[in-house]
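Report on one structure; see the data block that follows.
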Amino acid sequence: AFPGPVPVDQVERLIDVARSLRMPPLSLVLDRFGHFKQPQVFWIGGEVPAALDDLVRRLWSGLEGLGITAETRPFH
């Protein structure tokens, strides 16, 4: 999750949210790659395992409790 600018007085609370999240180990297969011409970014990725997708949802839920708006685009 990229929360964007975070007020200094919320940094500790943001860290607490992230530390509170637990998940079992998972396998992540990185089998795709590409790049964006602008801003010259190389990327590597793969299918998002259900456990990772769940972690992303729980993270955003915790961040929303701090007033940080969740990303609206699908997680990739």
Side-chain angles (χ1 to χ4, degrees):
F2 179 72
V6 175
V8 172
D9 63 330
Q10 284 194 334
V11 170
E12 286 299 321
R13 291 176 58 201
L14 186 143
I15 291 169
D16 289 342
V17 167
R19 284 185 177 154
S20 72
L21 300 173
R22 299 285 179 256
M23 65 178 280
L26 61 89
S27 293
L28 183 60
V29 177
L30 302 175
D31 59 357
R32 299 182 210 157
F33 63 91
H35 92 292
F36 300 107
K37 291 182 181 180
Q38 292 298 326
Q40 297 184 347
V41 172
F42 177 80
W43 61 267
I44 187 167
E47 290 295 320
V48 177
L52 182 56
D53 199 41
D54 180 59
L55 176 66
V56 170
R57 281 193 299 273
R58 291 185 295 127
L59 176 58
W60 277 118
S61 177
L63 294 177
E64 285 175 342
L66 300 178
I68 298 171
T69 305
E71 175 68 54
T72 58
R73 295 176 294 177
F75 176 73
H76 295 284

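Since the structure is predicted, the reported quantities are computational estimates derived from the model, not experimental observations.
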For residues 42-54, run the donor-acceptor check on the side chains, cut-off 3.5 Å, and write out each pair with its distance to 0.1 Å, sequence neighbours left out.
| from | atom 1 | to | atom 2 | distance (Å) |
| --- | --- | --- | --- | --- |
| E47 | OE2 | R32 | NH2 | 2.3 |
| D53 | OD2 | R57 | NH1 | 2.7 |
| D54 | OD2 | R58 | NE | 3.1 |

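Shown here are the side-chain contact (heavy atoms from CB on, under 4.5 Å) partners of Q10, two or more places apart in sequence or in another chain: V6, P7, R13, L66, I68. For the side-chain contact (heavy atoms from CB on, under 4.5 Å) test, no residue two or more places apart in sequence or in another chain qualifies with A18. Taking V8 as the reference, nothing meets the side-chain contact (heavy atoms from CB on, under 4.5 Å) condition, with sequence neighbours excluded. Residues that satisfy the salt bridge (charged side-chain N to carboxylate O under 4.0 Å, His left out) test with R22, not counting sequence neighbours, are absent from this structure. Residues passing the side-chain hydrogen bond (donor to acceptor under 3.5 Å, both in side chains) test with R19, sequence neighbours excluded: none.
F33 and V29 fall into different hydrophobic clusters, where Ile, Leu, Val, Met, Phe, Trp and Tyr are joined by side-chain heavy atoms under 4.5 Å apart, directly or via other members. Taken together through direct or relayed side-chain contacts under 4.5 Å among Ile, Leu, Val, Met, Phe, Trp and Tyr, L30 and L55 form part of one hydrophobic cluster.
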